[in-house]
Chemist: 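Below is one structure. I have some questions about it.
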Amino acid sequence: MDWTELVGAILSLWGVWLTMQRKLSSCVIGLVSVVVYGWVFIQARLYSDALLQGVFGVMIVYTWIHWARHLDDSQRVRVAPLGLKPAVLHLALGAVGAAVLGYLMHRYTDAALPWLDSALTSYSLVGQWWDAKRHAATWWMWIAVDTIYVGEYIYKALDITAVLYAVFVLMSVQGLRRWNQAAAKEASTTPEQDSTPAAATKLSTH
């Protein structure tokens, strides 16, 4: 058994569970998990995934700062809507990132699955950005990306990680449900409640 992979899996599950709860502490666990999984992916020659962990680390720090400004009375982050125009733009940027990174990995490295891995990496960044911006749509992205990741990790004999990502798919379905419920509750807040200091911290998203 690869104990490093197992530790990374446990930390990742913990981090996603805390994200489902919209807890700020998810960022702390997330930072530790990306360090562990960065090493796992380097060993497996999944360089795009390894690079992704480093970028995730930077984005998690941003998420931590951004979420801290948008907490409700229960210290859970408020869910924000995602407009159609930014959603389309972000998906288009994901496609461009997939093509560019795929070419670089195919041309200059011995990456095992350069094109597929790069596409998953690029759209994972889109998902992480939506997470940082508090959009429930992040869970739709994780459902799609993680489902494909399951097959990739089975192919690369990363069995623990394949099981982990299968669990991630199920957790993402639950996360989508919970965040949508939170968004609906937020939308139903009365004008009187909106005037409270806690509600006043809610800002519009890009």
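When reading the values below, keep in mind they use all heavy atoms of this one structure, side chains included, and skip hydrogens, waters and symmetry mates.
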Chemist: Any side-chain heavy atom of Gln128 within less than 4.5 Å of one from Asp131?
Modeler: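 Counting from C-beta outward, Gln128 and Asp131 do come under 4.5 Å.
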Chemist: Carefully, step by step, assess Asp72 and Arg22 under the rule side chain to side chain contact (heavy atoms under 4.5 Å, CB included).
Modeler: CA-CA 10 Å; Asp72 61 19; Arg22 308 186 340 267; 3.4 Å; yes
Chemist: Between Ser33 and Ser12, which heavy-atom pair has the shortest distance, and what is it?
Modeler: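 Minimum heavy-atom contact is CB-OG, 3.8 Å.
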Chemist: How far does CD1 of Ile60 sit from CD of Gln53, to the nearest 0.5 angstrom?
Modeler: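 CD of Gln53 is found 8.0 Å from CD1 of Ile60.
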Chemist: Measuring from Ile10:CD1 to Glu5:CD, what's the distance to the nearest 0.5 Å?
Modeler: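 It is 11.0 Å, given to the nearest 0.5 Å.
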Chemist: Can you find a heavy atom in the side chain of Leu125 that is under 4.5 Å from one in the side chain of Phe56?
Modeler: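 A side-chain contact under 4.5 Å exists here.
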Chemist: Working to the nearest 0.5 angstrom, can you tell me the gap between Leu18 CG and Met20 CE?
Modeler: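 If we round to the nearest 0.5 Å, Leu18:CG and Met20:CE are 10.0 Å apart.
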Chemist: Would Tyr37 and Thr161 count as having a side-chain donor-acceptor pair, cut-off 3.5 Å?
Modeler: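 A pair is found: one side chain offers a donor N or O, the other an acceptor, under 3.5 Å apart.
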Chemist: Evaluate the ring planes of Phe168 and Tyr165, with Trp represented by its six-membered ring, and classify them as parallel (under 30°), tilted (30 to 60°) or perpendicular (over 60°).
Modeler: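 Ring orientation of Phe168 relative to Tyr165: perpendicular.
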Chemist: Take Lys133 and Leu82 through the side chain to side chain contact (heavy atoms under 4.5 Å, CB included) test and state the conclusion after the steps.
Modeler: CA-CA 9 Å; Lys133 290 298 185 178; Leu82 173 62; over 6 Å; no
Chemist: Taking the side chain as every heavy atom from C-beta outward, state whether Trp142 and Ser124 have any atom pair closer than 4.5 Å.
Modeler: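 In contact.
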Chemist: So, for Ala166 and Val150, which heavy atoms are closest and what is the spacing to 0.1 Å?
Modeler: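 Shortest heavy-atom separation between Ala166 and Val150 comes out as N-CG2, 3.4 Å.
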Chemist: Side chains of Leu101 and Ser122: does their closest heavy-atom pair fall under 4.5 Å?
Modeler: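 Sidechains of Ser122 and Leu101: no contact.
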Chemist: Any idea which heavy atoms bring His66 and Ala132 closest together, and the distance?
Modeler: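 Distance-wise, the nearest heavy atoms are CD2-O, 3.0 Å.
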Chemist: Can any side-chain N or O of Arg45 pair as donor or acceptor with the backbone N or O of Asp110 at less than 3.5 Å?
Modeler: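 Judged by distance alone, yes, a pair lies under 3.5 Å.
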Chemist: Do the side-chain N and O atoms of Asp117 and Tyr47 include a donor-acceptor pair separated by under 3.5 angstrom?
Modeler: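 Distance-only check fails for Asp117 and Tyr47.
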Chemist: Taking all non-hydrogen atoms of both residues, which atom of Ala9 and which atom of Leu164 are closest, and how far apart?
Modeler: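 Taking every non-hydrogen atom into account, O-CD1, 3.5 Å.
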Chemist: Should the pair Trp179 and Trp139 be assigned to parallel (<30°), tilted (30 to 60°) or perpendicular (>60°) ring geometry?
Modeler: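 Trp179 vs Trp139 ring planes: perpendicular.
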Chemist: Kindly compute the distance separating NZ (Lys23) from CH2 (Trp17), expressed to the nearest 0.5 Å.
Modeler: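 These two atoms lie 8.0 Å from each other.
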Chemist: Given the rule that I, L, V, M, F, W and Y join up when any side-chain heavy atoms are under 4.5 Å apart, are Val16 and Val61 in one cluster?
Modeler: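 They do share one cluster, since a chain of ILVMFWY contacts under 4.5 Å joins Val16 to Val61.
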Chemist: Indicate if Met59 and Leu89 have the same hydrophobic cluster label, given that clusters are the connected sets of ILVMFWY residues with side-chain heavy-atom separations under 4.5 angstrom.
Modeler: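 Shared cluster, no.
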Chemist: Can you measure from CZ (Arg78) to NZ (Lys185) and round to the nearest 0.5 angstrom?
Modeler: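 That separation rounds to 10.5 Å.
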Chemist: In terms of hydrophobic clustering (I, L, V, M, F, W, Y; side-chain heavy atoms under 4.5 Å; direct or indirect links), are Trp129 and Ile65 co-clustered?
Modeler: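 Per the 4.5 Å side-chain linkage, Trp129 and Ile65 are co-clustered.
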Chemist: Between Leu93 and Val126, is the side chain to side chain contact (heavy atoms under 4.5 Å, CB included) condition met? List the steps.
Modeler: CA-CA 8 Å; Leu93 290 174; Val126 175; 5.8 Å; no
Chemist: Provide the closest heavy-atom pair for Gly15 versus Ser26 in the form atom of the first, atom of the second, distance.
Modeler: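 Reported closest heavy-atom pair: O-CB, 3.6 Å.
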Chemist: Is any side-chain heavy atom of Leu113 closer than 4.5 Å to a side-chain heavy atom of Tyr155?
Modeler: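 The answer is yes, as the side chains (C-beta and beyond) meet within the 4.5 Å cut-off.
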Chemist: Leu13 versus Met171: any side-chain heavy-atom pair under 4.5 Å?
Modeler: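 Yes; the side chains approach each other to less than 4.5 Å.
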Chemist: Do His135 side-chain atoms and Val79 backbone N/O form a donor-acceptor pair below 3.5 Å?
Modeler: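 Between the backbone of Val79 and the side chain of His135 there is no qualifying donor-acceptor contact (under 3.5 Å).
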Chemist: Can you check whether Met141 reaches Leu91 side chain to side chain, under 4.5 Å on heavy atoms?
Modeler: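 The answer is yes, as the side chains (C-beta and beyond) meet within the 4.5 Å cut-off.
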Chemist: For Leu24 versus Leu71, what's the shortest heavy-atom pair and its separation?
Modeler: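 So the two residues come closest at CD2-CD1, 4.5 Å.
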Chemist: Classify the angle between the aromatic ring planes of His90 and Trp130 as parallel (below 30°), tilted (30 to 60°) or perpendicular (above 60°).
Modeler: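 Correct class here is tilted.
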Chemist: For Trp115, I'd like to know if atom CH2 has over 12 heavy atoms of other residues, nucleotides or ligands within 6.0 Å.
Modeler: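 More than 12 heavy atoms, drawn from other residues, nucleotides or ligands, come within 6.0 Å of this atom.
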Chemist: In the single-linkage hydrophobic clustering (I, L, V, M, F, W, Y; side-chain heavy atoms under 4.5 Å), do Phe41 and Val55 co-cluster?
Modeler: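 Yes, Phe41 and Val55 fall within the same hydrophobic cluster.
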Chemist: Calculate, to the nearest 0.5 Å, the distance between atoms CG and CZ belonging to Asn180 and Arg178 respectively.
Modeler: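 CZ of Arg178 is found 13.0 Å from CG of Asn180.
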Chemist: For Leu31 and Trp64, what are the C-alpha separation, side-chain angles and deciding distance, and is it a side chain to side chain contact (heavy atoms under 4.5 Å, CB included)?
Modeler: CA-CA 10 Å; Leu31 280 174; Trp64 194 341; 4.0 Å; yes
Chemist: Is it true that Leu46 and Ile42 fall in one hydrophobic cluster, defined by side-chain heavy atoms closer than 4.5 Å?
Modeler: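 No; tracing contacts between hydrophobic side chains, which count when under 4.5 Å, never links both residues.
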Chemist: Could you check if a side-chain atom of Leu51 sits within less than 4.5 angstrom of a side-chain atom of Thr121, using non-hydrogen atoms only?
Modeler: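 No - every pair of side-chain heavy atoms lies 4.5 Å or more apart.
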